[in-house]
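Here the structure comes first, spelled out in structure tokens, and everything after it is commentary.
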Amino acid sequence: MLEKLDTNKLEEKYTKKWDEEKTYKFKNDPNMKKYTIDTPPPFTSGELHMGHVLSYSFFDFAARYKRMNGYDVYYPQGWDTQGFPTEVKVEKKHGRLPPAEFRKKCVEWTEEMIKRMKSQMIEMGFSPDWDYEYKTMDPEYHKKVQLSLIRMYKDKYVYRAKHPVYWCPRCMSAIAKAETEEIEKSGKLNYIIFKGPEGEDLQIATTRPELMHACVAVMYHPEDKRYTHLKGKEITTALGKKVKAIPDKLVEKEFGTGLLMVCTFGDKDDVLWTHRYKLPIIEAIDERGKLINAGDLDGLKAEEAREKLIEKFKKEGKLVKQEDVKQAVKVHDRCKRPIELKSSLQWFADIKSHAKEIKEWASEIKWIPDFGIHYMTDWIENVDWDWVISRHRVFGTPLPFYVCEKCGYSEPAEESELPFYPESAKTKKCPKCKENLIPEQTVADCWVDSSITPLIIAGWPDENYKKLYPSDLRPQGVEIVRTWAFYTVYRSTVLTGKPPFKEILLNGNVLAPDGRKMSKSLGNIISPSELKKEYPVDSVRQWAALSGAMAKDRPFSYEDIRFSKSFINKYWNASRFIEKFLENYKHSKPEKLKLLDRWILTKLNGTIKSYTDSMENYQFHSALHKMHEFFWHDLCDNYLEYVKYRVYNDTEKQPALYSLYEVLYNSTKLLAPVMVFTTEEIYRELFHSPESGSIHNSRWPKPLKITELSEDELILMDEFNSIVSSARQFKASNRLSQNSELSSMKIYSEKEYPDELIDELKNILKVKIIKIEKGEFSVSMEI
RNA sequence: GAGCCCGUAGUCGAUCGGUUAAGACGCCUGUCUUACACACAGGAGAUACGCGGUUCGAUUCCGCGCGGGCUCACCA
């Protein structure tokens with residue numbers, strides 16, 4: 001017997017049971033068709049947020065749906081563990097430690113975070129097979145990442161070179177373009193006097209005067225009449241240095257004075273011009289962001305130097321004016337500090353010369369929604385440089401190479417040396433200059449780790465990996481298309497010759513209810529654990545399904561989650577009601593179904609069809625909508641009321657019970673992927689048979705083999721329903737209870753009413769006499 | 001500046017050319033009618049951002065404008 005609904009109890013009970021019964025086990029059965037999900041390994045922050053819940057719910061729905069459709073679902077869960085934020089946390093707690101010890105502390109800390117997140121995932125009813133859990137910090141994982149890099153090195157995808165890179169002075173590491181963010185900052189545009197060839201004043205405009213010591217040219221637009229006479233002439237900077245004036249179309253005439261200074265590493269254009277015009281390279285800033293080659297300004301931070309210099313120019317009368325400007329400053333996405341461009345010896349992965357192929361590989365994948373691919377192609381088209389894969393950090397996968405510091409020679413570690421750790425690496429001689437080779441000290445960008453997840457989960461490099469590769473589904477957030485999706489498509493295809501997944505499902509961010517980003521500073525964060533205190537997990541999961549707008553940010557909606565909770569209640573109570581009558585019921589198809597029975601079963605069939613269709617296309621939102629409509633309104637508001645007189649009074653009870661059974665049984669199954677706990681309880685309590693086990697391993701419903709209502713009959717039923725509605729309305733407006741009797745009813749209709757339906761109306765509405773006449777549809781009645 | 005999404009009742013959102021434009025939340029009026037008051041029965045509330053065009057017919061397709069969002073590039 002179903003008891004009063006206690007969702008907490010159900011959640012506890014079944015979480016345990018599913019674990020014991022290994023309900024979500026990947027069978028690895030060669031005879032079964034496979035469905036592989038390349039799940040996102042979350043960064044191990046220790047806290048599951050609403051974005052996780054949304055995204056993870058989506059593929060949990062898919063996994064459960066596929067399982068019920070007879071697939072052997074391979075749904076592993078991994079953890080993206082290494083990286084800067086962990087180092088910061090551990091450093092805060094333990095201070096600076098020698099690398100090996102520090103790494104150990106990072107691992108300990110991460111294990112703790114994983115424990116927390118894992119239990120939150122289990123609470124949410126997610127159904128991975130935990131036997132296939134992976135962590136990017138495991139030596140086994142390191143080994144595979146390193147192997148992938150060695151292979152890419154041998155195939156000339158990975159190389160070491162000196163090249164300008166984005167550099168974070170705070171983190172003292174190179175970072176990739178994808179890790180940069182822009183924030184708007186207000187700054188000053190300074191107009192400073194340089195001297196022309198005749199000693200005349202020339203004003204340049206700059207926001208970064210502190211880089212002037214590295215000024216190597218002055219630029220203007222080739223059609224700017226004010227300056228064309230300067231072509232090739234020597235200009236003297238405010239610091240007294242002589243540089244050439246060069247025209248270039250990239251210069252904006254309208255900005256500032258139309259004249260600017262080039263400082264090698266000021267910004268991307270500076271780097272471009274330096275290369276284009278083969279200008280001398282002057283390092284202006286060191287890895288800590290402090291000035292070098294700047295005489296008495298050496299060692300100062302950029303901001304300090306800027307102030308000093310402006311002061312100096314003011315005194316000398318070389319500062320004409322300062323204008324307030326809004327500028328976009330590139331910052332490191334993890335630490336939010338402004339970044340610099342720096343020429344540096346780093347490891348790169350060649351993406352620039354493969355942009356076209358990567359685009360083709362991406363187009364072989366089905367993007368859901370289809371416009372999602374734009375995020376990727378737009379990004380590829382704007383790639384300027386190759387991907388910097390080396391990071392000057394500790395908690396990461398060591399790059400498996402040896403380098404000669406003297407001549408620049410490099411070679412990969414042997415495959416037998418893997419996993420490779422620099423502190424335990426071999427001693428080797430440089431074959432070129434006989435110096436000692438030193439093991440590479442940098443680690444890989446975290447995206448190097450995570451960009452081979454489809455290979456890792458499939459068991460690569462073991463040849464058997466082909467059985468599980470490519471993955472069927474890659475679910476992920478739209479904000480990491482340019483990183484995770486991009487790098488995965490690139491690396492995995494390079495390594496295997498095949499794009500890494502067949503379909504990619506994109507989800508957006510969860511915003512605060514007010515439409516703004518959730519953030520600590522705004523205090524508008526909604527956490528899953530808080531939500532869970534007030535709402536059943538099944539309603540949180542329904543919220544996720546209802547937020548289904550793919551690849552779009554959506555505010556969190558309390559309305560949706562409250563509605564979901566009400567629906568669970570409705571579903572539960574309807575089940576209890578039906579259970580009462582099924583007590584001594586033997587399930588078998590009656591010879592004759594009544595019209596109303598066929599009506600609800602026809603509706604059921606329609607729901608099964610459209611629900612299945614929506615699930616096939618990951619349209620959880622519309623699937624659930626149709627279900628709500630059917631279950632709440634067709635079933636509860638109408639059909640249940642229609643059959644009450646039959647089940648209470650034992651008149652033509654069997655067909656009604658048969659219909660109720662089928663409707664509830666099949667609805668329960670349809671709802672199972674989303675409402676995992678409540679459906680399990682109802683399934684086991686009402687429909688369980690020993691061999692069937694969990695609903696989550698039961699078969700997905702198919703439309704029943706019944707004589708469905710014809711189009712005409714369905715239209716007739718619509719009219720029937722509106723007659724009922726009129727009667728209810730009539731009773732309500734006459735302050736009568738709904739089960740009060742009516743003496744007579746007159747219906748005008750263009751349709752033929754079978755006697756059966758007239759009798760139904762009499763019984764359902766308690767009307768003594770009903771008259772039907774031909775005419776435009778209308779209903780009238782008397783008390 | 002470029003590309004992409006989008007603009008439907010107070011709010012959120014269906015309707016992928018065709019009768020009176022779903023549904024939810026909120027609001028109003030009744031009802032504790034033996035599953036459910038987290039409910040039921042009803043009600044009010046939308047000239048579908050604007051203007052053109054295609055069409056027998058447009059909320060739905062196209063163009064322009066206005067207004068939002070996202071991504072990228074943003075200028076020293």
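A, B, ... follow the sequence lines: proteins, then strands. Residue 1 opens every chain.
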| So what does A:T207 hit on the nucleic acid, given a heavy-atom distance under 4.0 Å: a base, only sugar-phosphate, or nothing? | sugar-phosphate
| said: From the set B:A73, B:A35, B:C12, return the single nucleotide nearest to any side-chain atom of A:N382. | reply: B:A73
| Candidate nucleotides B:U33, B:A73, B:A35, ranked by approach to the side chain of A:K177 - the nearest | B:A73
| note | Rounding to 0.5 Å, atoms OG (A:S614) and CE (A:M627) come to a distance of 12.5 Å
| said: Would you measure the distance from the P atom in B:A21 across to the matching atom in B:U47 and give it in whole Å? | reply: 12 Å
| said: Does a side-chain N or O of A:K731 approach OP1 or OP2 of B:A41 to a distance below 4.0 Å, or not? | reply: no
| note | Testing B:A35, B:C4, B:C74 for proximity to the side chain of A:H374, the answer is B:C4
| query | Quick one: which of B:U71, B:A73, B:U33 gets closest to the side chain of A:Q738? | reply | B:U33
| query | Do any side-chain nitrogens or oxygens of A:K268 fall under 4.0 Å of OP1 or OP2 in B:C74? | reply | yes
| message | Could you tell me how far B:G53 sits from B:C74 if I compare only their P atoms? Round to whole Å. | response | 42 Å
| field | Cation-aromatic face contact A:K268/A:W385, 6.0 Å, 45 degrees | value | no
| said: Applying a 4.0 Å non-hydrogen cut-off, can you work out what A:R728 is touching in the nucleic acid: base, sugar-phosphate, or nothing? | reply: sugar-phosphate
| task | Name the orientation class of the two ring planes belonging to A:Y661 and A:Y585 (parallel below 30°, tilted from 30 to 60°, perpendicular beyond 60°). | result | tilted
| note | Between A:T257 and A:K4, the residue closer to the 5' end of RNA chain B by nearest nucleotide is A:K4
| message | Any heavy-atom pair between the side chains of A:K177 and A:D384 that's under 4.5 Å? | response | yes
| said: Return the pairing partner of B:C4 with a 3.5 Å limit on both distances, Watson-Crick or G-U wobble; otherwise return none. | reply: B:G69
| query | Out of B:G43, B:A14, B:A35, which has the shortest distance to the side chain of A:Q729? | reply | B:G43
| remark: Ranking B:C4, B:C36, B:A35 by distance to the side chain of A:L640, first place goes to B:A35
| query | Separation of A:L686 atom CG from B:A35 atom P, in whole Å? | reply | 16 Å
| request: Check A:F556, A:F620, A:F567 against A:W543 for a ring pair (Phe, Tyr, Trp, His ring centres under 6.0 Å) and give me the one that passes. | output: A:F556
| query | Is a donor-acceptor contact shorter than 3.5 angstrom present between the side chain of A:K570 and the base of B:C36? | reply | yes
| query | Which value, in whole Å, describes the distance between the P atoms of nucleotides B:G10 and B:C66? | reply | 25 Å
| message | Is the shortest side-chain heavy-atom distance between A:Y639 and A:D634 below 4.5 Å? | response | no
| Separation of the C1' atoms in B:A9 and B:A46, to the nearest angstrom | 5 Å
| message | Students often get this wrong, so: under 4.0 angstrom with heavy atoms, is A:E254 touching a base, only sugar-phosphate, or nothing? | response | nothing
| query | Just by protein heavy atoms under 4.0 Å, how would nucleotides 20-27 of chain B read 5' to 3' in B, S and -? | reply | --BSSS--
| task | Please work out if A:K626 contacts a base, only the sugar-phosphate, or nothing of the nucleic acid, heavy-atom cut-off 4.0 Å. | result | nothing
| B:U34, B:A14, B:C38: which one has an atom nearest the side-chain heavy atoms of A:N569? | B:C38
| Which listed nucleotide (B:A41, B:C74, B:A35) is nearest to the side chain of A:Y648? | B:A35
| task | Just call it for A:D637: base, sugar-phosphate, or nothing, with non-hydrogen atoms closer than 4.0 Å on any strand. | result | sugar-phosphate
| Angle class for the A:Y558/A:Y535 ring planes (parallel below 30°, perpendicular above 60°, tilted otherwise)? | tilted
| remark: 5'-most contact on RNA chain B (nearest-nucleotide basis), A:K517 vs A:P555, goes to A:P555
| message | Within this structure, what is the CE-OG1 distance for the pair A:M376 and A:T483, rounded to the nearest 0.5 Å? | response | 10.5 Å
| message | If I pick the C1' atom on B:A2 and the same atom on B:U59, what distance separates them, to the nearest angstrom? | response | 29 Å
| field | Trace of the side-chain hydrogen bond (donor to acceptor under 3.5 Å, both in side chains) decision for A:D637 with A:H633 | value | CA-CA 5 Å; A:D637 293 348; A:H633 302 295; 3.0 Å; yes
| note | Only residue of A:E719, A:Q729, A:M745 satisfying side-chain contact (heavy atoms from CB on, under 4.5 Å) with A:V779 is A:M745
| request: Could you list the residues that satisfy ring pair (Phe, Tyr, Trp, His ring centres under 6.0 Å) with A:Y375, not counting sequence neighbours? | output: none
| At under 4.0 Å, does any side-chain N or O of A:S622 touch on OP1 or OP2 of B:A14? | no
| note | Considering only heavy side-chain atoms of A:K565, the closest of B:C38, B:A73, B:C4 is B:C38
| query | Contact class for A:C636 vs. all strands (heavy atom < 4.0 Å): base, sugar-phosphate, or nothing? | reply | base
| B:C49 and B:U11, which share atom name P, separated by this distance in whole Å | 13 Å
| Spacing of the C1' atoms in B:C75 and B:U60 (rounded, Å) | 42 Å
| Have A:Y220 and A:T257 got a donor and an acceptor in their side chains that come within less than 3.5 Å? | no
| field | Side chain of A:F371 (C-beta onward), nearest among B:A41, B:U71, B:C4 | value | B:C4
| query | Considering only heavy atoms, which members of residues 244-252 of chain A lie under 4.0 Å from some atom of RNA chain B? | reply | A:V251, A:E252
| query | Given the C1' atoms of B:A73 and B:A58, what is the spacing between them in whole Å? | reply | 37 Å
